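Please read the structure below before turning to the comments.
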There are 2 protein chains.
Amino acid sequence: MNTPIKTQLIDGKAFAEKMTKDVASKVAELQKTTGITPGLAVILVGNDPASEVYVRNKTKQTHKVGMRSFMHLLPETTTQQELLNLIHRLNNDPDIHGILVQLPLPKHLNPDPIIQAILPQKDVDGLTVYNAGKVSLGHMDGFIPCTPLGCLLLLQQELPNLRGLNALVIGASNLMGKPMAQLLLNQGCTVTIAHIDTRNTAELAQQADILIVATGCKELVKGSWIKKGAVVIDVGINRIITESGKLKLVGDVNFQEALGIASKITPVPGGVGPVTISCLLHNTLSATEKHIKCIS
Amino acid sequence: MNTPIKTQLIDGKAFAEKMTKDVASKVAELQKTTGITPGLAVILVGNDPASEVYVRNKTKQTHKVGMRSFMHLLPETTTQQELLNLIHRLNNDPDIHGILVQLPLPKHLNPDPIIQAILPQKDVDGLTVYNAGKVSLGHMDGFIPCTPLGCLLLLQQELPNLRGLNALVIGASNLMGKPMAQLLLNQGCTVTIAHIDTRNTAELAQQADILIVATGCKELVKGSWIKKGAVVIDVGINRIITESGKLKLVGDVNFQEALGIASKITPVPGGVGPVTISCLLHNTLSATEKHIKCIS
């Protein structure tokens, strides 16, 4: 009865490449028919090394699909007002169709007013109140935050009909857990959302056909927590030093233990990460298309 | 082990009266200090008898707390454009601080564009995208839909600390189930949301410390579904004809079966219903206060 099953790896890299290719061909088509090139502004304040890697990667991908990338690297000492002024300028710049503020911001800055200053129609990260409301109400015409959108697309590839499945989302952040739960609910899943105050996370996980983990706690989810045959989406990216002194990335799920129990799982790296960036490009293209519709 | 426990009734009527009294005294204070009287516009299209009862009741309560009530009873034949024009007029009317469109609308009208036409700062029913986003992100400065707000206030009276409790919300509507789940999550509950596609609702209910039911299916929840000692909030109001031919209101929970199992339960009528109206008055007062802050 407890014979291990063959766990299939969900290849996020391949999925992202296909998605990116599709965006690139649409960008080329858009340029040909309208002369407009989608433009994405990325703002990075300070010198957080992880953020720098993310931002560099986003810029590279933006160029790869033929979009224009506008990098704003601001010093650690940037004030709240300076950042707000920049966002107002970008809001009014017709060459910019998407604006992304790389989080976390340095501690002296208050992120919420900054995020809320972004025009909802340029909020390609889906973090403004308006876009959060759109997802919550099940309206799919706003911008969905890139990570939960990527998770949903990966899931839908593996399980074309999510209706009636039990899903557990571990982690309840505004960027990931909450919109993820709302997207799954809109697809007909029965959704539970667990978090730091949850008393029986393991037990809840054991009942979940779909398990999505975004906690920032390395290898939190043990093999024994996973329902046999469940589909596991691991959003975590944690840096650890192995016994041999090497840097290694691990997820929020104990990957080795999940093998033989989960039917499908996203590896870390190569799972959700690449798809998140593709979703950002997809949202930026979509922002540009909406802008063109608006002015024509 | 299975000895029945004493189930306490949650007296929504008493709670609502206290809340209404508090609103009334704040309205009087506001008039004295600013000369401004909160004004609530209620729009009813057509002749649905249940809606007429609700609207009449709202008007009565509005007057009772010293607010001005502006009733707009429109004929069944009202067009989408006529209704939108009225909302635009009310949006611009400085005497109106809150606007409520009684749902459901007649079938030939498309409710969503009508609801979304209401200015978020006059949307005392909390149904616009902006206010939905506020609740979803855990910002408590928007307008929370009246029924889930009422349920939360009743719950908080009975259980001052909700953190870590398992809550099941049955019903996933934009008006009730979704914002309810978000409010409970913001309070630290572990939240599951079940609905028409859920395969194991009874089993999920048996694990819930808090059970909130808003399905419109009379007496759907059986006694055997309820965890011993759970707090049950029954949002349903269903009209049935008894064997003796009398009209009777029943909830979505089998009340008789719940007695002896639940630790606390809201009766129907006299539970959630009265609190919903008090929350509407509370939201209208709050809209007026925000408006005054804005113009002063």
Side-chain angles (χ1 to χ4, degrees), chain A residues 111-113 115-116 120 123 126-139 141-143 145 161-175 177-179 181-201 203-205 207-209, chain B residues 111-113 115-116 120 123 126-139 141-143 145 161-175 177-179 181-201 203-205 207-209:
Chain A
D112 198 58
I115 296 297
Q116 299 311 329
D123 167 33
L127 298 179
T128 56
V129 169
Y130 186 80
N131 284 316
K134 282 277 178 184
V135 176
S136 170
L137 295 174
H139 300 178
D141 58 341
F143 292 110
N161 185 6
L162 299 173
R163 197 157 294 280
L165 296 179
N166 284 325
L168 176 68
V169 177
I170 310 181
S173 72
N174 284 341
L175 286 82
K178 287 183 189 175
Q182 292 160 4
L183 289 170
L184 292 170
L185 184 62
N186 294 339
Q187 295 295 320
C189 290
T190 301
V191 184
T192 301
I193 183 156
H195 45 76
I196 192 117
D197 293 311
T198 298
R199 294 171 188 172
N200 57 338
T201 311
E203 193 189 315
L204 292 168
Q207 303 167 45
D209 306 308
Chain B
D112 197 60
I115 296 297
Q116 299 310 330
D123 168 34
L127 298 179
T128 56
V129 169
Y130 186 81
N131 284 315
K134 282 276 179 186
V135 176
S136 169
L137 295 175
H139 301 178
D141 58 341
F143 292 109
N161 185 5
L162 299 173
R163 198 158 292 280
L165 296 179
N166 284 325
L168 176 68
V169 178
I170 310 180
S173 73
N174 284 341
L175 284 81
K178 287 182 188 175
Q182 291 160 4
L183 290 170
L184 292 169
L185 184 62
N186 294 339
Q187 295 296 320
C189 289
T190 300
V191 183
T192 301
I193 183 157
H195 45 74
I196 191 117
D197 293 312
T198 298
R199 295 172 188 172
N200 57 338
T201 313
E203 193 190 315
L204 292 168
Q207 302 168 46
D209 306 308

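Here the structure is a predicted model, which means the values were calculated and not measured. Chain letters run A, B, ... following the sequence lines, proteins first and then strands; every chain starts at 1.
Contact of A/D112 with chain B is made through the side chain alone, with heavy-atom distances under 4.5 Å. The contact between B/K178 and chain A is made entirely by side chain atoms (from C-beta outward), counting heavy-atom distances below 4.5 Å. For B/N186, the part sitting under 4.5 Å from any heavy atom of chain A is the side chain, from C-beta outward, and nothing else. For B/N200, the part lying under 4.5 angstrom from a heavy atom of chain A is the side chain only. With a 4.5 angstrom heavy-atom cutoff, A/L204 touches chain B only via side-chain atoms.
In terms of non-hydrogen atom pairs under 4.5 Å with chain B, the most contact-rich of A/A194, A/C189, A/A167, A/G142 is A/C189. With chain A as partner, the option from B/A132, B/P120, B/S136 having the largest number of non-hydrogen pairs under 4.5 angstrom is B/S136. Across B/N166, B/I196, B/I193, B/T201, the residue that shares the most heavy-atom pairs under 4.5 angstrom with chain A is B/I193. Of the listed residues (B/V135, B/N174, B/N131, B/L127), the one with the most heavy-atom contacts under 4.5 Å to chain A is B/N174.
Rounding to the nearest 0.5 Å gives a distance of 7.0 Å between CG of B/D209 and CZ of A/R199. Summarising the geometry, atom OG1 belonging to A/T190 is positioned 9.5 Å from atom CG belonging to B/L168; distances are rounded to the nearest 0.5 Å. In this structure, CG in B/L162 is found 11.0 Å from CG in A/D197, a value given to the nearest 0.5 Å.
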Would you check, one step at a time, whether the test side-chain contact (heavy atoms from CB on, under 4.5 Å) holds for B/L137 with A/Q116?
CA-CA 12 Å; B/L137 295 175; A/Q116 299 311 329; 4.2 Å; yes

